[in-house]
Asker: 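Once you've had a glance at the structure underneath, I'll fire off some questions.
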Amino acid sequence: MTAQLLNGKWLAKQIHNQVKEEVEEYQPSVGRAPGLAVILVGDNPASKAYVANKEKTAKKCGFNTFDITLPRNSSTEQVKEAILSFNSNPLIDGILLQLPLPEHLDSNALINLIDPLVDADGLHPANQGLLMRGEGHLRPCTPLGAMKLIDLAVSGIDSSGDNDLDQEIPEADLRGKNAIVIGRSILVGKPMGMLLLERNATVVMAHSKTADLAARAREADIVVAAVGVPGLVKGDWIKKGAIVIDVGINRIPDGRLVGDVVFEDAAARASHITPVPGGVGPMTVAMLIYNTLQGYKRRHGLDNN
Ligand code: NAD
């Protein structure tokens, strides 16, 4: 392996520390900690584990957490009520509706009910529209976390050790760079493309109908794979020195979690690569916490924007 590993666990920990410090700074004047509310519908084991992890991290950062767990067969009306009750609760600065929802529920219609000011996942159309215009505060967590990992790669800061970060990671300017995003979901692929454009990259948005994906990937200085197909992105698709961000999380038959990229082969050519697990996953949680802090700061006039 020649690539440097982009250690999402390490970077997420640095962000948790920064958020915790800000909470300690603001709490005395505000009179309360930030509040994260989580709605879980059903008992999907992966979703339960994600939600537990998000709440645990929020508490570690000094947040209050609120949760509503609804049975799998809940009606739209019940989920709607949960969302509306959190919207009107002045102690809540971020609402997370854990996806995927059971099939009989319309995720988009329910996301649309979340107050955009406390939309911690950044998936409300108002926040996605603002992202499209290069504005707004709340960006979808997974692409935002992936972007921070790209910043880490470009900064050259080493994330392999135990040292704490003692400097700001600058926002990378990707002018002149070609990026490919494989996958076009509203959760990951599309907003990822917008974030890369915002940083001046030239972006190819690829998907299941893209012809000759390998050739397109080979032109990319930055490859973001967000598909959900284990091993889709082969090592020889990776240009030498490229940054590879593997968003995919796939459970394979032997029980292991793997990404969408053939890790060892890609790592032999890339300059930087994210592991799975331990890359984008922890950053998604860190960005949820970060977004909730933005909601809190905004509510209390503590943001500079
Ligand atoms: P999705 O199913 O909504 O979208 C998948 C996208 O991949 C689609 O746009 C589709 O066009 C594209 N696609 C499918 N097959 C393809 C192929 N053969 N070639 C090229 N493109 C193809 O999935 P999603 O919600 O965007 O998630 C994608 C992956 O990322 C999943 O593995 C998911 O588990 C993972 N994920 C990880 C995190 C994290 O925190 N690490 C967060 C969200 C999603």
Side-chain angles (χ1 to χ4, degrees), residues 5-12 15-16 38 44-54 57 96-101 103 106-108 111 120-123 128 131 139-150 152 179-196 203-220 223-234 237-238 244-252 256-263 266 273-291:
L5 214 56
L6 294 169
N7 186 347
K9 263 191 180 168
W10 176 84
L11 185 55
I15 291 164
H16 301 159
V38 177
N44 175 318
S47 293
K48 274 167 85 172
Y50 289 142
V51 161
N53 186 23
K54 286 167 182 171
T57 307
L96 162 73
L97 176 63
Q98 181 64 38
L99 303 176
L101 292 174
E103 264 177 24
D106 178 346
S107 314
N108 281 349
I111 288 169
D121 249 347
L123 296 178
Q128 295 235 339
L131 168 62
R139 267 84 195 277
C141 299
T142 301
L144 187 59
M147 199 66 230
K148 300 249 180 226
L149 287 162
I150 294 170
L152 178 68
I180 186 167
V181 181
I182 312 175
R184 56 174 164 181
S185 70
I186 59 156
L187 189 64
V188 192
K190 279 186 189 163
M192 186 75 230
M194 297 312 301
L195 290 176
L196 285 160
V203 183
V204 170
M205 293 290 315
H207 46 80
S208 56
K209 311 287 186 297
T210 298
D212 208 356
L213 188 53
R216 291 186 177 272
R218 284 188 192 110
E219 290 171 358
V223 177
V224 180
V227 180
V229 175
L232 175 82
V233 178
K234 313 287 182 264
W237 292 19
I238 303 299
V244 178
I245 306 291
D246 193 351
V247 181
I249 303 180
N250 309 291
R251 176 85 58 192
I252 56 172
R256 280 183 306 136
L257 278 184
V258 299
D260 292 341
V261 177
V262 180
F263 181 83
I273 189 166
T274 56
V276 177
V280 176
M283 287 303 295
T284 296
V285 180
M287 292 302 102
L288 178 78
I289 304 300
Y290 173 86
N291 276 349

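Computed from heavy atoms alone, side chains included, the values below leave out hydrogens, waters and symmetry copies. Numbering of ligands and ligand atoms starts at 1, following listing order.
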Asker: Examine distances only and state if a side-chain atom of T210 and a backbone atom of L213 form a donor-acceptor pair shorter than 3.5 Å.
Answerer: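 A pair under 3.5 Å: no.
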
Asker: Please determine, by modelled atom types, if K190 and Q128 share a side-chain donor-acceptor pair under 3.5 angstrom.
Answerer: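 The criterion, which ignores hydrogens and geometry beyond distance, is not satisfied for Q128 and K190.
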
Asker: For ligand 1, what are the residues with a heavy-atom contact below 4.0 Å?
Answerer: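 Those residues closer than 4.0 Å to ligand 1 by some heavy atom are T142, I182, G183, R184, S185, L187, V188, H207, S208, L213, A226, V227, G228, L232, V247, G248, I249, N250, V280, G281, T284.
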
Asker: Keeping T274 on the side-chain end and D246 on the backbone end, is there a donor-acceptor pair under 3.5 Å?
Answerer: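 Yes, the answer is positive, given that a donor and an acceptor are paired below the 3.5 Å cut-off.
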
Asker: Among D121, T142, V280, I15, find the one that has a side-chain contact (heavy atoms from CB on, under 4.5 Å) with M287.
Answerer: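 Considering D121, T142, V280, I15, a side-chain contact (heavy atoms from CB on, under 4.5 Å) with M287 is found only for I15.
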
Asker: Looking at L99, L187, L97, which hits side-chain contact (heavy atoms from CB on, under 4.5 Å) with S107?
Answerer: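 Considering L99, L187, L97, a side-chain contact (heavy atoms from CB on, under 4.5 Å) with S107 is found only for L99.
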
Asker: Mark yes or no for whether N250, through its side chain, and G259, through its backbone, hold a donor-acceptor pair below 3.5 Å.
Answerer: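 Judged by distance alone, yes, a pair lies under 3.5 Å.
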
